[in-house]
Amino acid sequence: MIAEVIINSTAKKLNRTFDYSIPNELKDYIVIGSTVLVPFGNFKELEEAYVVGFKEKSLYKTKEIVKIKDNLTNRQIELAKWMAKRYFCNISECVKLMISPGMRNAKGNTIQDKKINAIYLNKDYEQIKFDIETGIIKSEKHKKLLEFLNENGGCTVSEIEMFTGFSRAIVNTLIKNGYLMVKEIKIERNPLINKNIERDKKLKLTDEQQIAFSKVEQAIESNRYEQFLLYGVTGAGKTEVYLQLIEKSLEKNKNSIVLVPEISLTPQMIDRFIARFGKEVIAVLHSKLSTGEKYDEWNNIKEGKAKIIIGARSAIFAPVQNIGIIIIDEEHDPSYKSEMSPRYNAKEIAEILAKENKCPLILGSATPDITTYYKAKQNKITMLRLQKRANNSKLPTVKIIDLKQELINGNKSMISIDLYKSMLDNLTNKRQTILFLNRRGFSTFIMCRECGYTIKCKNCNISMTYHSFDNKLKCHYCGYEENVVKICPKCKSSKIRYFGTGTQKLEEEVHKIFPTAKTIRMDVDTVTKKNSHEDILNCFKNDGIDILIGTQMVVKGHHFPNVTLVGVIAADSSLNIDDYRANERTFQILTQVAGRAGRGNLDGRVIIQTYNPEHFILDYAKKQDYDLFYNTEIALRKQLKYPPFCDIIIINFDSIKEEELKKTADFVYKYIIKELDGNEFKIFKPLPAPIDKIQNRIRWRMIIKGNMNENANSVFNKCLQDVYKLNLRFTRVAVNINPNNMM
Ligand code: ADP
Ligand code: ZN
Ligand code: ZN
């Protein structure tokens with residue numbers, strides 16, 4: 001027997017099958033989906049590969065498979081093949097998402113210590129890739145080890161030795177060079193082991209909840225695929241509906257998958273599931289788990305011990321059999337679409353799994369994705385509505401403040417008079433306030449008032465941001481730093497000024513106005529590995545903090561009964577981005593952040609400050625009326641031909657050699673123009689991307705509008721194959737369907 005395998009590599013040339021013979025002793029254990037080790041080319045070490053098929057004979061002289069590491073199911077391999085085609089990537093990249101996290105040695109040994117020193121990356125992997133590309137990291141071993149730790153962060157040195165064969169000395173060198181760090185972690189092979197949560201009982205559903213529940217229950221009872229949109233205002237009790245549906249599914253002896261955005265995967269949220277079902281049947285998958293924990297959770301799922309899987313995007317690939325329901329909470333969240341290869345959309349994968357398992361798929365949101373809502377209106381998805389808050393608390397009142405008028409009135413502060421008065425009120429009454437700012441850093445950009453020169457990163461062509469803490473200019477894309485300038489590099493004038501507002505500056509201003517107020521800040525600079533966003537939220541909840549100041553991170557579904565005031569400092573920043581979803585994102589964010597106010601017995605108040613008070617989005621956000629927003633937005637989308645009326649397909653080119661990039665882009669453009677029907681597709685010429693350079697790589701993009709049907713999919717796949725035949729040395733090409741970020 002001959003096995004057809006795919007080598008675990010992102011090299012496009014290796015995206016095909018290779019023949020290997022199966023030794024007798026492995027014959028009974030190898031299946032389609034086995035992860036195996038094989039000798040390959042001239043490499044000294046064995047390569048990992050995945051078995052995707054069998055045949056009687058090979059035309060070539062074949063080498064033998066050496067070892068089996070893991071088995072996937074046939075179904076998973078089929079899914080990986082489908083994904084590779086749909087998302088334009090290698091099959092091996094998709095298989096990787098489905099195999100057990102971390103690696104195990106042949107005997108399946110794991111480490112038993114209670115406390116261990118684990119090795120993590122000490123830098124962003126993007127930065128490391130940059131250092132590899134620019135030759136700062138030269139050693140192959142260093143590259144391989146860093147890549148290994150990117151996938152398996154949280155390994156001990158002995159695990160690293162065991163799995164990679166690299167010595168302690170290499171690890172030490174990389175620690176010394178600042179690429180790796182050591183952190184002491186507790187080994188709790190079950191991440192929930194220390195949780196002692198009191199069990200609760202199910203609540204009596206409200207009438208609205210009951211109607212929604214019954215419709216989905218029918219689908220569970222009759223083993224039927226059906227997709228639902230559970231559309232309910234913030235605090236409507238969607239989670240309670242999920243819990244009772246999962247219970248139903250458990251009664252039928254079936255498993256459940258619950259996807260939530262990574263950032264909402266907080267202990268408070270998981271506790272609600274534990275309280276209802278007990279920790280024994282729950283597996284949690286997220287990026288903060290150690291490799292050992294991830295591995296064990298994966299095994300618990302495989303062995304059927306875990307019956308409810310709660311996790312972020314990639315948990316959709318957990319090895320769950322016999323699924324009774326799939327739930328995607330906050331379905332509008334952009335994080336369900338991966339922007340790294342494989343550029344998959346977890347909602348599409350969930351749909352495939354739900355169909356296969358003949359079970360319902362529920363998408364839940366207070367501000368659904370426009371596309372989802374459109375499908376619900378077209379009756380392709382069954383709409384379930386919850387219009388009232390479950391505990392009868394009222395939705396907050398929203399007031400819009402015109403910042404232009406504030407200026408005219410002589411108020412130059414970031415905080416309007418209205419917001420000031422409400423904050424003062426809250427401080428006096430010992431209530432909590434959240435201030436939301438859609439930015440990070442101290443100032444957004446630096447500009448010369450004489451000549452208009454702005455300081456940009458020399459690698460990325462993006463405005464540098466001023467950080468007052470270390471008095472440096474930083475690039476948020478590549479991490480490049482520069483000292484602060486006082487004189488304009490272009491015209492030598494001293495009129496260089498810092499523009500814009502960041503969380504840090506806002507915090508300083510709040511301290512000036514309210515010197516006794518206790519504040520805490522949450523943004524990418526204060527949230528680190530050691531100081532998680534959860535620690536900050538706990539601190540806000542328990543440590544008598546008056547004001548939480550933060551970026552996007554404060555928006556997601558937290559429940560703070562004592563928060564009665566939410567202030568949005570400048571609602572406009574997300575309206576001005578160069579993206580067809582600017583309105584949608586702004587509306588979603590304003591509604592979500594407003595939903596943080598008045599969740600307890602106390603009434604909530606939201607103050608939104610803006611320079612565009614007349615913009616329809618602000619009016620609808622004030623009314624908190626999603627339907628009004630939808631009706632206007634869908635008309636715009638139809639008129640301008642944007643999703644859901646077509647797919648936006650972006651072909652990204654990036655390169656360190658402009659000549660090669662231009663030639664490639666031209667090749668692709670001509671190919672697509674020739675092969676795709678110009679009536680069905682609107683094909684735009686390749687052009688420099690809005691951000692035309694990142695980390696010294698020049699970036700171009702080509703936009704195509706149309707429906708990504710089977711035929712178009714083949715055209716793109718064939719085009720990519722032809723591109724690989726060009727043997728490009730410096731240029732990368734990627735196709736992304738409906739990407740989150742158009743920049
Ligand atoms: P959502 O997920 O829609 O934001 P939650 O499920 O968090 O809403 O519910 C908001 C609050 O309402 C929670 O405190 C929850 O315990 C409460 N709640 C939900 N359903 C009910 C119900 N049927 N009866 C009483 N309280 C409920
Ligand atoms: Zn940069
Ligand atoms: Zn100047």
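Numbers for residues simply follow the sequence, beginning at 1. Every number for a ligand or one of its atoms is a count from 1 in the order of the listing.
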Asker: Answer yes or no: is there an ion pair linking Lys294 with Glu297, defined by an N-O contact shorter than 4.0 Å?
Answerer: no

Asker: What part of Arg272, side chain from CB on, backbone N/CA/C/O, both or neither, has a heavy atom under 4.0 Å from ligand 1?
Answerer: side chain

Asker: Using a 4.0 Å cutoff against the non-hydrogen atoms of Glu240, which atoms of ligand 1 qualify?
Answerer: 6 (O), 20 (N)

Asker: Give the atom numbers and elements of ligand 1 that come within less than 4.0 Å of a heavy atom of Thr239.
Answerer: 2 (O), 6 (O)

Asker: Angle class for the Phe540/Phe560 ring planes (parallel below 30°, perpendicular above 60°, tilted otherwise)?
Answerer: perpendicular

Asker: Provide, to 0.1 Å, the distance between atom 18 (N) of ligand 1 and the closest protein heavy atom, together with that atom's residue and name.
Answerer: Ala390 CB, 3.6 Å

Asker: Any salt bridge between Lys623 and Asp619, counting N to O under 4.0 Å?
Answerer: yes

Asker: Asp369: which residues meet the salt bridge (Lys or Arg N to Asp or Glu O under 4.0 Å) condition with it, sequence neighbours left out?
Answerer: Lys347

Asker: Given Arg389, Lys204, Gln210, Lys238, identify the one with the heavy atom nearest to atom 24 (N) of ligand 1.
Answerer: Lys204

Asker: Say whether Asp418 and Ser416, considering side chains only, have a donor N or O and an acceptor N or O under 3.5 Å apart.
Answerer: no

Asker: Short N/O distance, under 3.5 Å, between Leu203 and ligand 1?
Answerer: no

Asker: Atom 8 (O) of ligand 1: which protein heavy atom is closest, and how many Å away?
Answerer: Gly237 N, 3.0 Å

Asker: Check the side chains of Asp647 and Asn738 for a donor-acceptor pair under 3.5 angstrom, ignoring hydrogens and angles.
Answerer: yes

Asker: Looking at atom 11 (C) of ligand 1, what's its closest protein heavy atom, distance included?
Answerer: Asn391 ND2, 4.0 Å

Asker: Which bit of Gln209 is near ligand 1, meaning a heavy atom under 4.0 Å away: side chain, backbone, both or neither?
Answerer: side chain

Asker: Tell me which pairs pass ring-ring contact (aromatic ring centres under 6.0 Å, His included) where either residue lies in residues 358-401, with sequence neighbours left out.
Answerer: Tyr231-Tyr373, Tyr373-Tyr626, Tyr373-Tyr630, Tyr374-Phe645

Asker: Mind checking whether Leu205 contacts ligand 1 via backbone (N, CA, C, O), side chain (CB onward), both or neither, at a 4.0 Å heavy-atom cut-off?
Answerer: backbone

Asker: Distance-only, no hydrogens or angles: does the Arg276 side chain make a donor-acceptor pair with backbone N or O of Arg272 under 3.5 Å?
Answerer: no

Asker: Give a yes/no on ligand 1: does Gly235 have at least one heavy atom closer than 4.0 angstrom to it?
Answerer: yes

